Amino acid sequence: GVTNVRIVDQDATGPASSWVPATRDQFHDLLPPVWVDDPTWGGALPSGATVSGLANVFEAQFQLQVLDAGGQTLVDLPVSASCGTGCWGRFGATVTYAVASPQWGTLRVFEPSAKDGSPTHTVDYPVWLTP
(Lines give C-alpha, C1' and ligand atoms only; values in the text may rest on other atoms or scores of the structure.)
Protein backbone atom coordinates (compact mmCIF):
# COMPACT_ATOMS: atom_id res chain seq x y z
CA GLY A 1 0.00 0.00 0.00
CA VAL A 2 3.00 2.36 -0.04
CA THR A 3 2.58 4.93 -2.80
CA ASN A 4 5.42 7.36 -2.01
CA VAL A 5 8.74 7.33 -0.19
CA ARG A 6 10.84 10.38 0.53
CA ILE A 7 14.59 9.94 0.86
CA VAL A 8 16.31 12.88 2.51
CA ASP A 9 19.99 13.58 2.06
CA GLN A 10 21.15 15.13 5.31
CA ASP A 11 24.00 16.84 3.45
CA ALA A 12 21.76 18.34 0.75
CA THR A 13 21.79 22.08 0.31
CA GLY A 14 19.05 24.20 -1.12
CA PRO A 15 15.35 24.37 -0.43
CA ALA A 16 13.29 21.20 -0.32
CA SER A 17 11.09 22.64 -3.07
CA SER A 18 14.01 22.19 -5.50
CA TRP A 19 14.04 18.40 -5.03
CA VAL A 20 12.76 16.36 -7.94
CA PRO A 21 10.66 13.23 -7.31
CA ALA A 22 12.53 10.05 -8.25
CA THR A 23 11.16 6.91 -9.86
CA ARG A 24 12.20 3.28 -9.48
CA ASP A 25 13.93 3.44 -12.87
CA GLN A 26 16.51 5.81 -11.38
CA PHE A 27 17.58 3.16 -8.85
CA HIS A 28 18.04 0.06 -11.05
CA ASP A 29 21.80 0.29 -10.60
CA LEU A 30 21.30 -0.36 -6.87
CA LEU A 31 19.29 -3.58 -7.36
CA PRO A 32 20.72 -7.09 -7.50
CA PRO A 33 20.56 -8.70 -10.97
CA VAL A 34 17.33 -10.48 -10.01
CA TRP A 35 14.82 -8.47 -7.96
CA VAL A 36 11.67 -10.14 -6.63
CA ASP A 37 8.66 -7.82 -6.28
CA ASP A 38 6.13 -10.50 -5.33
CA PRO A 39 6.05 -12.09 -2.87
CA THR A 40 7.38 -9.36 -0.63
CA TRP A 41 10.30 -9.97 1.74
CA GLY A 42 8.86 -12.12 4.54
CA GLY A 43 5.54 -12.50 2.70
CA ALA A 44 3.43 -15.56 2.00
CA LEU A 45 4.28 -17.84 -0.91
CA PRO A 46 1.48 -20.41 -1.16
CA SER A 47 1.88 -23.35 -3.53
CA GLY A 48 0.64 -22.35 -6.98
CA ALA A 49 1.55 -18.68 -6.51
CA THR A 50 3.40 -16.61 -9.10
CA VAL A 51 6.79 -15.11 -8.28
CA SER A 52 7.39 -11.91 -10.24
CA GLY A 53 9.90 -9.11 -10.53
CA LEU A 54 12.73 -7.69 -12.63
CA ALA A 55 15.96 -9.21 -13.91
CA ASN A 56 19.01 -8.02 -15.80
CA VAL A 57 20.97 -11.22 -16.36
CA PHE A 58 22.94 -12.92 -19.13
CA GLU A 59 20.59 -13.93 -21.95
CA ALA A 60 17.63 -13.14 -19.63
CA GLN A 61 18.06 -16.51 -17.86
CA PHE A 62 18.27 -17.23 -14.14
CA GLN A 63 17.35 -19.90 -11.61
CA LEU A 64 14.59 -19.80 -8.98
CA GLN A 65 14.44 -22.20 -6.04
CA VAL A 66 12.10 -22.68 -3.09
CA LEU A 67 13.59 -24.33 0.01
CA ASP A 68 11.68 -25.58 3.03
CA ALA A 69 12.52 -24.81 6.68
CA GLY A 70 15.12 -27.61 6.69
CA GLY A 71 16.85 -26.34 3.55
CA GLN A 72 15.46 -29.07 1.27
CA THR A 73 14.85 -27.91 -2.31
CA LEU A 74 11.14 -28.02 -3.15
CA VAL A 75 11.33 -26.14 -6.46
CA ASP A 76 14.25 -25.71 -8.87
CA LEU A 77 13.09 -23.79 -11.91
CA PRO A 78 14.82 -22.03 -14.81
CA VAL A 79 13.19 -18.64 -15.46
CA SER A 80 13.33 -16.27 -18.42
CA ALA A 81 12.92 -12.51 -18.17
CA SER A 82 11.52 -10.43 -21.03
CA CYS A 83 14.94 -8.81 -21.59
CA GLY A 84 18.48 -9.45 -20.44
CA THR A 85 22.19 -8.76 -20.86
CA GLY A 86 22.15 -5.03 -20.32
CA CYS A 87 18.45 -4.36 -19.96
CA TRP A 88 15.86 -4.95 -17.26
CA GLY A 89 13.10 -7.38 -18.11
CA ARG A 90 10.01 -8.52 -16.21
CA PHE A 91 9.46 -12.12 -15.23
CA GLY A 92 6.74 -14.25 -13.72
CA ALA A 93 7.00 -17.91 -12.71
CA THR A 94 4.45 -20.15 -11.01
CA VAL A 95 5.83 -22.31 -8.20
CA THR A 96 4.13 -25.48 -7.03
CA TYR A 97 5.40 -27.42 -4.03
CA ALA A 98 4.17 -29.61 -1.16
CA VAL A 99 4.80 -29.10 2.56
CA ALA A 100 3.06 -30.93 5.40
CA SER A 101 2.60 -27.85 7.59
CA PRO A 102 3.00 -24.05 7.36
CA GLN A 103 6.63 -22.99 7.83
CA TRP A 104 9.25 -20.41 7.01
CA GLY A 105 11.18 -21.18 3.86
CA THR A 106 13.48 -19.50 1.40
CA LEU A 107 12.87 -18.17 -2.08
CA ARG A 108 16.30 -18.18 -3.73
CA VAL A 109 17.15 -16.52 -7.05
CA PHE A 110 20.53 -16.58 -8.72
CA GLU A 111 22.31 -16.25 -12.02
CA PRO A 112 24.21 -19.38 -13.07
CA SER A 113 27.83 -18.62 -13.94
CA ALA A 114 28.49 -18.68 -17.69
CA LYS A 115 31.82 -20.33 -16.86
CA ASP A 116 30.68 -23.36 -14.83
CA GLY A 117 26.99 -22.95 -13.91
CA SER A 118 27.72 -22.22 -10.25
CA PRO A 119 25.34 -19.75 -8.54
CA THR A 120 26.31 -16.08 -8.73
CA HIS A 121 24.48 -13.01 -7.45
CA THR A 122 22.39 -15.18 -5.11
CA VAL A 123 19.62 -13.48 -3.14
CA ASP A 124 17.59 -15.33 -0.50
CA TYR A 125 14.12 -14.04 0.42
CA PRO A 126 12.40 -15.36 3.56
CA VAL A 127 8.88 -16.55 2.69
CA TRP A 128 5.98 -18.20 4.53
CA LEU A 129 5.17 -21.56 2.90
CA THR A 130 1.74 -23.12 3.22
CA PRO A 131 0.30 -26.54 2.26
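This structure is a prediction, so every number in the text was calculated from the model and none was measured.
- Considering all non-hydrogen atoms of both residues, Leu77 and Ala93 come closest at CD2-CB, 3.9 Å.
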task: Determine, step by step, whether Thr50 and Asp38 satisfy the side chain to side chain contact (heavy atoms under 4.5 Å, CB included) criterion, reporting the C-alpha distance in whole Å, the side-chain angles of both residues, the deciding distance to 0.1 Å, and the verdict.
output: CA-CA 8 Å; Thr50 298; Asp38 192 29; over 6 Å; no
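- Between the side chain of Ser113 and the backbone N or O of Thr120 there is no donor-acceptor pair closer than 3.5 Å.
- For Asp76, the side-chain hydrogen bond (donor to acceptor under 3.5 Å, both in side chains) partners two or more places apart in sequence, or in a different chain, are Gln63, Gln65.
- A side-chain donor-acceptor contact under 3.5 Å links Thr85 to the backbone of Glu59.
- With sequence neighbours excluded, no residue forms a side-chain hydrogen bond (donor to acceptor under 3.5 Å, both in side chains) with Gln103.
- When all heavy atoms of Pro39 and Ala44 are compared, the pair lying nearest together is CB-O, 3.4 Å.
- Put simply, Phe91 and Val75 are part of the same group of oily side chains (I, L, V, M, F, W, Y) that touch within less than 4.5 Å, one to the next.
- Linking ILVMFWY side-chain heavy atoms closer than 4.5 Å, directly or via other members, places Tyr97 and Leu64 in a single hydrophobic cluster.
- In the hydrophobic cluster analysis, where Ile, Leu, Val, Met, Phe, Trp and Tyr join through side-chain heavy atoms closer than 4.5 angstrom, Leu54 is grouped together with Trp41.
- Residues Pro32 and His121 have side chains not in contact (no heavy-atom distance under 4.5 Å, counting atoms from C-beta outward).
- The same ILVMFWY cluster, assembled from side-chain heavy atoms under 4.5 Å apart, contains both Leu107 and Val95.
- A pairwise comparison of heavy atoms in Ala55 and Ala81 identifies CB-CB, 3.9 Å as the closest pair.
- Remark: the backbone N or O of Pro33 is not paired with any side-chain donor or acceptor of Asn56 at under 3.5 angstrom.
- Val34 pairs in a side chain to side chain contact (heavy atoms under 4.5 Å, CB included) with only one of the listed residues (Val79, Thr122, Val57), which is Val57.
- Residues Phe58 and Val109 do not share a hydrophobic cluster, clusters being chains of Ile/Leu/Val/Met/Phe/Trp/Tyr side chains in contact below 4.5 Å.
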Mind listing the side-chain donor-acceptor pairs of residues 123-131 below 3.5 Å, one per line with the distance, residues two or more places apart or on another chain?
{"residue": "Asp124", "atom": "OD1", "partner": "Arg108", "partner atom": "NE", "Å": "2.7"}
{"residue": "Asp124", "atom": "OD2", "partner": "Arg108", "partner atom": "NH2", "Å": "3.0"}
{"residue": "Tyr125", "atom": "OH", "partner": "Val36", "partner atom": "N", "Å": "3.1"}

